[in-house]
Amino acid sequence: MARALFQSQSGTQDIFPSEADRRRRLVDIFAEEVTKAGYGQVIPPMFEDVGVFQRLGEASDVVSKELYSFVDQGGRNLSLRPEFTASVCRMFAQHRPLVPWKVWYTGPSFRQERPQKGRYRQFDQIGAEVIGTDDPDVDIELIAICWRFYQQIGLKNVSLVINSLGDFEDRARYLEDLQSYFKANADQLSEQSLKTSEINPLRVLDSKRPADADVIAKAPVLADYLGEPAAMSFERVKLGLTTLGIPFEVAPRLVRGLDYYGRTIFEFAATSLDAAQNAVGGGGRYDGLVEALGGGSQPGVGFALGVDRILLACDAEGVFDAVDSGPQVWVVTTTQGTEALEIVEELQTAGFRAGRSFGGRSMKAQMKAANRSGADIAVIVGESEAESGSVSIRQLRTAPPSGEVSSPSGSASQQTVIERTAMVEKVRSLLS
RNA sequence: GUGGCCGUAGCUCAGUUGGUUAGAGCGCCAGGUUGUGAUCCUGGAUGUCGGGGGUUCGAAUCCCCUCGGUCACCCCA
């Protein structure tokens, strides 16, 4: 056998039919939820001017080292999107739709980092954004959509944590104190965190290094710096979640990777997955991003859920299994005529999933294929059926009686000969 | 991006201190049944041992590089 000349690129996946079906169902369920909530789908391009994504914050790893950038033949500096939010905001700034603009999306995003299970260089996300209102009820609505979606697919072990990053001025005051705190305790910080503290002190807070744990635990808390508007907004979010019966935990040290967030942020973790890659969704408010892209002063809020990780979590919980979408009927013919073409067409037109073999294989080989296909019924046309205008209908789900002799008589309990014109009705009744 | 572990047939894996032509189970194909799927029996095809280079009389086995996977970190979905 020949050897494959190429293989898929690191961190990309080849997805086969049953898994692809499952993904499509997942997206369908999500689409249903967001549509009920009045969100319209948008399909932005997969690449943008690199500047669109640089607005996410030069200090974030997503921008500084994980961007898939390239120069096209026209000399344009482009990047594959690392997420959708920036593209959606660019889209808003360019077209200025009426606010509040409520949209959802699905598709692949790209990040150049070392792959491992649940973390890929090309990965699928589903998400939603609302641009044009700072009403915290929208934050609640978005979280509720996520929550309902997880429930719809049967995921149980999902925990929600929330925090408020405050408004820009709040955060500026906090960052100043935090930075000087880290500076004062530099000797107790890991080298890496010390470096991070100079670029973006917020992110030191979610360092997983044990060495940092103590310093982080005693660090000033953002909640103490919230101004009146941010604090009220956050209170409203907590009230709303409680009202809707959505369990949550306030995590004072929760921060998010991208620099644009402010006020409410939230994260969903699948507790049945290993901690390193257990984030199955997250989002929050970004009140400066649209403006940074020239869209005017418009607040925004949104979330993204990771399709790959949600499916991994489903596997861990044994929920949302792949469903069988194989053929219901298999057509077997040994004539050299056009019966297979006609019968398959007739069955498919009548709404059945119908398959057949190709290549003029023996009846035995075709019956094996029928069995393997998972079909419930085989429709058989040999010479005698072809001459008499009939078909043999054979039920496949039961084992054939031992010693059954091949015979066109149809005497066996699970095989009968009927007029071809009665085939569709017979198949329908057998399948119901 | 940094570090650890791993890579033998379509799949799961065996292969002794380097030693003839690299194996098993499952799966696949064909026949036993020239018109019939489970099971059973018989036979068959797989592979540059991830790729490249080196050491050696001789490499799946040892060394280097590289590609891919996986785990941890960084970070995130």
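The sequence lines fix the lettering, A, B, ..., with proteins before strands; numbering per chain opens at 1. Computed over heavy atoms, backbone and side chain alike; hydrogens, waters and symmetry mates excluded.
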Nucleotide of B/G31, B/C29, B/U36 approaching A/Arg394 most closely (side-chain heavy atoms): B/U36

A/Ser362, nearest nucleotide to its side chain (from B/A72, B/C29, B/G31): B/G31

Between C1' of B/G35 and CD of A/Gln415, the distance in whole Å: 9 Å

Any donor-acceptor N or O pair under 3.5 Å, side chains A/Tyr225, A/Glu176: no

B/G1 and B/A45, which share atom name P, separated by this distance in whole Å: 44 Å

Any donor-acceptor N/O pair under 3.5 Å between B/A77 base and A/Glu113 side chain: yes

Length of the line joining A/Gln395:CD and B/A38:P, which is rounded to integer Å: 18 Å

B/G10 and B/U2, which share atom name C1', separated by this distance in whole Å: 35 Å

Residue A/Asn371, side-chain heavy atoms: nucleotide from B/U2, B/A77, B/A38 that is nearest: B/A38

Whole-Å distance separating the NZ atom of A/Lys117 from the P atom of B/C75: 23 Å

Whole angstrom value for the distance that separates C1' of B/A77 from CD of A/Gln13: 12 Å

Partner of A/Gln277 by side-chain hydrogen bond (donor to acceptor under 3.5 Å, both in side chains), out of A/Gln116, A/Lys117, A/Arg309: A/Gln116

Selected nucleotide, minimal atom distance to A/Gln7 side chain, candidates B/A77, B/C67, B/C71: B/C67

Comparing A/Arg203 and A/Gln9 on RNA chain B - which has the more 5′ nearest nucleotide: A/Gln9

Rounded distance in Å - CD (A/Gln277) to C1' (B/U70): 11 Å

Polar side-chain contact A/Ser10-B/G69 base: donor and acceptor under 3.5 Å: no

Heavy-atom donor-acceptor pair, A/Lys102 side chain to A/Ala37 backbone, under 3.5 Å: yes

Strand partner of B/G25, provided both Watson-Crick or wobble distances fall under 3.5 Å: B/C11

Nearest-angstrom distance, P atom, B/C6 to B/A14: 13 Å

Pairwise P distance, B/C74 and B/U12 [rounded to whole Å]: 31 Å

Residue A/Met367, side-chain atoms from C-beta onward, closest of B/U36, B/G68, B/C73: B/U36

Euclidean distance, atom CD1 of residue A/Ile393 to atom C1' of B/G35 [Å, nearest integer]: 16 Å

Sugar-phosphate only, base, or nothing, as touched by A/Thr334 at under 4.0 Å among non-hydrogen atoms: nothing

Quiz item: A/Arg119 side-chain donor-acceptor pair to B/C75 base, under 3.5 Å: yes

For B/U20, the Watson-Crick or wobble counterpart (both distances under 3.5 Å): none

Parallel, tilted or perpendicular: rings of A/Trp101 and A/Phe92 (30°, 60°): tilted

Any donor-acceptor N/O pair, A/Arg203 side chain to A/Val255 backbone, under 3.5 Å: no

Option among A/Phe303, A/Phe84, A/Tyr39 that satisfies the ring pair (Phe, Tyr, Trp, His ring centres under 6.0 Å) test with A/Tyr105: A/Phe84

Sugar-phosphate only, base, or nothing, as touched by A/Gly283 at under 4.0 Å among non-hydrogen atoms: nothing

Selection from B/C71, B/A77, B/U36 that lies nearest to any side-chain heavy atom of A/Arg111: B/A77

Listed nucleotide nearest any side-chain atom of A/Arg372, set B/C74, B/A30, B/C28: B/C28

B/C49 to B/G23 separation - C1' atoms, rounded to the nearest Å: 12 Å

Touch class at under 4.0 angstrom, heavy-atom based, for A/Lys364 against every strand present: base

A/Gln348 atom CD, over 12 foreign heavy atoms within 6.0 Å: yes

B/C5 - base-pair partner by Watson-Crick or wobble geometry, distances under 3.5 Å: B/G69

First of A/Pro115 and A/Leu305 reached from the 5' end of RNA chain B, by closest nucleotide: A/Pro115

Separation of atom CZ in A/Arg361 from atom C1' in B/C29, rounded to whole Å: 8 Å

Minimum-distance nucleotide (side-chain atoms of A/Lys368 versus B/C29, B/A72, B/G35): B/C29

Rounded C1' spacing from B/G52 to B/G68 in Å: 15 Å

Sugar-phosphate only, base, or nothing, as touched by A/Ala279 at under 4.0 Å among non-hydrogen atoms: sugar-phosphate

Pairwise C1' distance, B/G58 and B/G54 [rounded to whole Å]: 15 Å

Flag, side chain of A/Glu385 to backbone of A/Ser390, donor-acceptor distance under 3.5 Å: no

Phosphate OP1/OP2 of B/A77: any A/Arg256 side-chain N/O under 4.0 Å: yes

B/A22 and B/G15, which share atom name C1', separated by this distance in whole Å: 8 Å

Closest to the A/Ile380 side chain, choosing from B/A77, B/G35, B/A72: B/G35

Touch class at under 4.0 angstrom, heavy-atom based, for A/Gly127 against every strand present: nothing

Whole angstrom value for the distance that separates C1' of B/A77 from CG of A/Leu56: 14 Å

Candidates B/C29, B/A77, B/C75 - which lies nearest the side chain of A/Glu66: B/C75

